[in-house]
Amino acid sequence: MAGEKIHIFDTTLRDGEQVPGCKLVTNEKLTLALKLEELGVDIIEAGFPISSPGDFASVTEISKLITKATVCALSRAVQKDIEAAGEAIKLAKRSRIHTGIGTSDSHIKAKFNATREEILERAIQAVKWAKAYTDDVEFYAEDAGRTDNDYLARVVEAVIKAGATVVNIPDTTGYCLPHQYGEKIAFLMNHVPNIDKAILSCHCHNDLGLATANSIAGAIAGARQIECTINGLGERAGNTSLEEVVMVIKQHKELGLYTDINAMLLNPMSRLVSETMRMPVQPNKAIVGSNAFSHSSGIHQDGFLKDTTTYEIIAPEEVGADSSKIVLTARSGRSALAHRFRKLNFEFDRNDIDILYEQFLRVADSKKEVEDSDLTELAFQHQKKALATA
Ligand code: KIV
Ligand code: ZN
C-alpha cells in the first residue's frame, strides 16, 4: 500500500458506549470487538476498567479473545485506575493503557483546582505508572483543543520522555475549526523536540459537526492515528465517524495516506452497531445512511441513469451498501419513471410515458414516495385503456 499508514483506533466500545442508552453487556462487547478486528481496526479501546466491575470483566474477556488488534483500556491519571487498566489487559496479545488528564486552563482550574506545573507532574507520573504494565502507553491531554499550544508542547515532550508512545490531542469539546486543529498538530510536530519518539493521535468530538474535518486536518498536519467510532457514536454530539475518515482517506489518494480497514465491511458493521446499541443511524448519514446511495430528484436521476459517476463518488458495493436506489417522488423525472417501469417489465414508448408521467405526478403529490405497487396499478390501467380504444 502506497503512502503513510493512519492507525485506526476504534473507541465505539468506550466513548461510543458512554452514550445514554448504548450500554453493552460483556457478550455484546465481545461480538462487536471480534467484528471490529475483522474490519481491520488497529486498536480497540475496550472500556474503562475502573468504572464498573462489568466493564472490567468486558476488557478482560476482550483481551483474551482478540489476536491481531491492540486492546486498550482507559484510565484517568490516577494510580488505582491505572492498576485496574493494567490488570484488565494483562492477558492481551497486544495491550495498551490510555491514560491522561485535562490540560486546558478551564480543566486545570475548574476540575482539578491545580496549577499547570502540578498537572505536568501528574501527567508524567501517570505514564510512569502505566509503563509498569505495558510498553505501549498512550497519553491523552484532555481538552487539548482549548489548551495553550506552548504549554501543550511542554506536556507532550514530558510524557514522551516518561515513555508515552502515542500522544492523544483530543478536541474534547468539539470546539476547534479544521485549520486551527491542523495548526495545533503542526505546532506540536515542529516544537516538540522528541516528537519522533511517539505518534500523535486525533480524538475529535462533533459538537459543531467538524469531527471528521478536524481529524483529517490533523492527519494532514502529521498525526498518524485517528480515534473514531462506528456511526460517529460518542459523548454528546458524538465522536469522529470511522466510516467517514476511512473513506475520505481512501477517496483522496493525493493525501498520501492509507488505513487497513476493509471498506466493504463498513455498512454491515454500521448495522450491527446500530442494532446492538439500539441507536438508529440518521438516513442522510455519509457512507452508511439509508439515503447515502438514493437519488430522488429528476435532474440527479437523469444524470445517474446515464452514468452513475455523475452523482456518486463511491460505488455502494465498495462500502458494502445495498445497490443505489432511484426513489420516485414528485421531484422525479420521466427517465426515472421509464427506468422503473422497465425494471417492473413494462416497456412503454415516449408517448405512453408522457401520459403516465402526468398520472404519476398526481400520485406522487399525494404521498412521500411512489411504490412499485402504485406503478403497477398505473401501468395496468394504462394498458386497459389502450386495449379498449384499440
Ligand atoms: O474526549 C476526550 O477527551 C476523551 C478522552 C478520555 C480521551 O474521550
Ligand atoms: Zn472523547
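Both counts, for ligands and for their atoms, begin at 1 and track the order of listing.
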Taking non-hydrogen atoms only, is His205 closer than 4.0 angstrom to ligand 1 via side chain, backbone, both or neither?
side chain

Which residue supplies the protein heavy atom nearest to atom 7 (C) of ligand 1, what is that atom called, and how far is it?
Asn168 ND2, 3.6 Å

Can you check whether Asp143 has an N/O within less than 3.5 Å of an N/O in ligand 1?
no

State the CG-CD1 distance between Asn214 and Ile185, to the nearest 0.5 angstrom.
10.0 Å

Test side chain to side chain donor-acceptor pair (under 3.5 Å) applied to Lys64 - qualifying residues, sequence neighbours left out:
Glu61

Can you name the one residue among Asp10, Leu32, Asn262, Thr12 that meets side chain to side chain contact (heavy atoms under 4.5 Å, CB included) with Met269?
Leu32

What is the nearest protein non-hydrogen atom to atom 3 (O) of ligand 1, stated with its residue, atom name and distance?
Thr172 OG1, 2.7 Å

Pick one of side chain, backbone, both or neither for how Arg14 approaches ligand 1, counting any non-hydrogen atom pair under 4.0 Å.
side chain

With atoms numbered from 1 as shown, which atoms in ligand 1 lie under 4.0 angstrom from a non-hydrogen atom of Glu142?
3 (O)

Measure from the ring center of Phe187 to the ring center of His191 and say whether it is less than 6.0 Å.
yes

Output the list of atoms in ligand 1 that are nearer than 4.0 Å to some heavy atom of Pro170, sorted by atom number.
3 (O)

Apply the side-chain hydrogen bond (donor to acceptor under 3.5 Å, both in side chains) test between His203 and each candidate in Thr172, Asp171, Asp15; give the one that qualifies.
Asp15

Near-ring test His98/Phe9, centroid separation under 6.0 angstrom:
yes

Geometry only, no angles: is Tyr140 polar-contacting ligand 1 at N/O separations under 3.5 Å?
no

For Ser241 and Lys285, does a side-chain donor sit closer than 3.5 Å to a side-chain acceptor?
yes

Relative to ligand 1, is Asp15 under 4.0 angstrom through side chain, backbone, both or neither, heavy atoms considered?
side chain

Here the N/O/S atom of Asp15 closest to the Zn ion (ligand 2) would be OD2

Would you say His98 and ligand 1 have an N/O pair spaced under 3.5 Å apart?
no

Answer side chain, backbone, both or neither: which part of His203 comes under 4.0 Å from ligand 1, heavy atoms only.
side chain

Looking only at side-chain N and O atoms, does Glu138 offer a donor or acceptor that is under 3.5 Å from a partner on Gln225?
yes

